[in-house]
**Student:** 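The structure's right below; bear with me while I get my questions together.
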Amino acid sequence: MTRPQATEAASYYFKYIDLVTGDEIVPALESQLDEMLEFLSGIGEEQSLHSYAPGKWTIRQVLNHVNDGERVFAWRAFWFARGFTDALPSFEQDIAVDMADANRTSWAKLVEEFKNLRLGTIALFRNLPDEAWSRTGVASDNPVSVLALAYIIAGHVTHHMGVLRAKYL
C-alpha cells in the first residue's frame with residue numbers, strides 16, 4: 001500500500017494526511033487507539049469541561065468532534081469501498097457540536113465511544129478487499145479515495161491531540 005496521492009483528496013485534507021507517518025495505515029490506526037486512550041485517561045471529568053477561551057469548544061466538545069469525524073470519514077470510506085457512487089453531503093462540524101450537547105455527556109462515556117468507534121474503523125479497514133482501497137467517490141463536492149479517508153481519520157485524531165496538548169492542557 002502507498003500513501004494517498006494529491007489527486008485522492010482535496011488539498012485541505014492533506015493537513016491531516018501529512019500528519020500520518022509510515023505507509024501502513026491499519027497498524028497506524030491500531031497504535032493510535034492505544035496512544036489516544038492513554039492520553040485521554042490523563043484528563044478528568046471536571047477538567048474535560050475546560051475551554052481555553054470564551055467561545056471555544058471544551059475538551060469534551062473536542063472529543064465529541066473527533067468521534068463525529070471518525071464516524072463521518074469511516075462512513076464515507078464504507079460507502080465508496082462498497083462501490084456506491086452517489087455523492088455524499090458535507091459535514092458541518094459546528095452544527096454537529098451544537099446538537100450533540102457533549103458537555104452533558106460524561107467524559108468516561110465519550111472516551112468509551114472513541115474506543116468503540118475506532119475498533120469499528122479498524123475492523124472496516126482490516127477487512128477491505130485490496131481493490132477497495134483505490135475506489136473513489138465524491139464527498140463535500142470533492143473526489144476522495146478510500147485510502148485517503150483512512151489517512152484522514154488517523155491524521156484528524158493526531159491533529160486534535162496536538163490542539164488539546166497545545167491549547168488546553
Side-chain angles (χ1 to χ4, degrees), residues 1 3-4 8-10 12-22 24-43 48 57-82 84 87-128 132-133 135-140 142 144-165 167-168:
M1 188 177 303
R3 296 179 62 79
E8 293 185 60
Y12 168 83
Y13 287 113
F14 279 85
K15 78 178 194 177
Y16 302 132
I17 293 168
D18 291 342
L19 292 175
V20 180
T21 58
E24 295 295 327
I25 191 59
V26 173
L29 290 165
E30 292 169 336
S31 66
Q32 189 180 58
L33 172 60
D34 295 334
E35 177 187 358
M36 184 69 159
L37 291 176
E38 182 178 334
F39 172 71
L40 297 174
S41 72
I43 300 170
S48 70
W57 293 346
T58 65
I59 294 172
R60 284 188 199 187
Q61 289 171 312
V62 172
L63 181 55
N64 184 80
H65 166 72
V66 167
N67 291 345
D68 284 351
E70 185 102 2
R71 268 189 190 92
V72 169
F73 295 129
W75 166 250
R76 290 173 177 177
F78 161 80
W79 188 254
F80 301 136
R82 295 297 194 260
F84 294 104
L88 296 175
S90 296
F91 169 68
E92 178 48 58
Q93 65 184 18
D94 292 320
I95 292 172
V97 166
D98 287 345
M99 295 296 113
D101 201 11
N103 290 333
R104 294 180 59 167
T105 303
S106 76
W107 180 244
K109 287 186 187 263
L110 288 169
V111 171
E112 179 183 18
E113 182 179 354
F114 173 79
K115 177 183 175 185
N116 291 331
L117 285 165
R118 178 50 61 94
L119 288 171
T121 298
I122 291 166
L124 170 68
F125 289 122
R126 186 185 296 135
N127 296 318
L128 282 183
W133 288 96
R135 291 188 182 127
T136 62
V138 174
S140 301
N142 291 292
V144 65
S145 72
V146 172
L147 176 64
L149 287 160
Y151 274 81
I152 290 166
I153 289 168
H156 186 249
V157 169
T158 298
H159 167 77
H160 284 291
M161 271 198 296
V163 169
L164 288 171
R165 283 185 175 116
K167 294 187 176 189
Y168 288 83

**Student:** Counting C-beta onward and ignoring hydrogens, is there a side-chain heavy-atom pair between N142 and Y13 closer than 4.5 Å?
**Tutor:** no
**Student:** Pick one: which of T21, L19, V163 meets side chain to side chain contact (heavy atoms under 4.5 Å, CB included) with T158?
**Tutor:** L19
**Student:** Taking salt bridge (charged side-chain N to carboxylate O under 4.0 Å, His left out) as the test, write out the residues that go with E70, two or more places apart.
**Tutor:** R118
**Student:** Measure across W133 and A150 and return the closest heavy-atom pair with its distance rounded to 0.1 Å.
**Tutor:** CZ3-CB, 3.8 Å
**Student:** Please enumerate all residues that pass side-chain hydrogen bond (donor to acceptor under 3.5 Å, both in side chains) together with R3, with sequence neighbours excluded.
**Tutor:** none
**Student:** What heavy-atom pair brings A96 and D68 nearest, and what distance separates the two atoms?
**Tutor:** CB-OD2, 3.5 Å
**Student:** Could you work out, with side-chain contact (heavy atoms from CB on, under 4.5 Å) as the rule, every residue matching A154, not counting sequence neighbours?
**Tutor:** V20, I25, L29, Q32
**Student:** Determine the minimum heavy-atom distance between A9 and I152, stating which atoms define it.
**Tutor:** CB-CD1, 4.4 Å
**Student:** Mind checking what makes side-chain hydrogen bond (donor to acceptor under 3.5 Å, both in side chains) contact with T136, not counting sequence neighbours?
**Tutor:** none
**Student:** Which pair of non-hydrogen atoms, one from A81 and one from L128, has the smallest distance, and what is that distance?
**Tutor:** CB-CD2, 3.7 Å
**Student:** So, taking the atom named CG in L149 and the one named CZ in F80, what distance separates them when rounded to the nearest 0.5 Å?
**Tutor:** 7.0 Å
**Student:** Can you list every pair that meets salt bridge (charged side-chain N to carboxylate O under 4.0 Å, His left out) and has a residue in residues 87-102, with sequence neighbours left out?
**Tutor:** D101-R104
**Student:** Considering all heavy atoms of both residues, which atom of L124 and which atom of A77 are nearest to each other, and what is their separation?
**Tutor:** CD2-CB, 4.4 Å
**Student:** Let me see the working for I43 and Y168 under side-chain contact (heavy atoms from CB on, under 4.5 Å), right down to the final yes or no.
**Tutor:** CA-CA 10 Å; I43 300 170; Y168 288 83; over 6 Å; no
**Student:** Measure the shortest side-chain to side-chain distance between I153 and R76 over non-hydrogen atoms and say whether it is less than 4.5 angstrom.
**Tutor:** no
**Student:** Using the side-chain contact (heavy atoms from CB on, under 4.5 Å) criterion, which residues pair with A100? Sequence neighbours excluded.
**Tutor:** N64
**Student:** May I ask you to decide if the ring planes of H156 and H160 are parallel, tilted or perpendicular, using 30° and 60° as cut-offs?
**Tutor:** perpendicular
**Student:** I'd like to check the ring pair (Phe, Tyr, Trp, His ring centres under 6.0 Å) partners of W79; sequence neighbours left out, ordered by chain and number.
**Tutor:** W75, F84
**Student:** Working to the nearest 0.5 angstrom, can you tell me the gap between L63 CG and Q61 CD?
**Tutor:** 11.0 Å
**Student:** What residues form a salt bridge (charged side-chain N to carboxylate O under 4.0 Å, His left out) with R82, not counting sequence neighbours?
**Tutor:** none
**Student:** Would you indicate whether the side-chain heavy atoms of F73 and T121 approach each other to under 4.5 Å?
**Tutor:** no
**Student:** Is the number of heavy atoms from other residues, nucleotides or ligands under 6.0 Å of K15 NZ greater than 12?
**Tutor:** yes
**Student:** Taking the six-membered ring for Trp, are H65 and W57 parallel (under 30°), tilted (30 to 60°) or perpendicular (over 60°)?
**Tutor:** tilted
**Student:** Name all residues meeting the side-chain contact (heavy atoms from CB on, under 4.5 Å) criterion together with A87; count only those two or more places apart in sequence or in a different chain, and write none if there are none.
**Tutor:** V138
**Student:** Please list, chain by chain and in numerical order, all residues satisfying side-chain contact (heavy atoms from CB on, under 4.5 Å) with A108, sequence neighbours excluded.
**Tutor:** E45, S106
**Student:** Holding to ring pair (Phe, Tyr, Trp, His ring centres under 6.0 Å), I want the full list of residues that pass it with Y151, two or more places apart in sequence or in another chain.
**Tutor:** none
**Student:** Cut-off 3.5 Å, no hydrogens considered: what does the side-chain donor-acceptor table look like for residues 109-117, sequence neighbours left out?
**Tutor:**
unit_1	atom_1	unit_2	atom_2	d
E113	OE2	R71	NH1	2.9
E113	OE2	R71	NH2	2.7
N116	ND2	E112	O	3.3

**Student:** Any sub-3.5 Å donor-acceptor pair from R60's side-chain atoms to N103's backbone N or O?
**Tutor:** yes
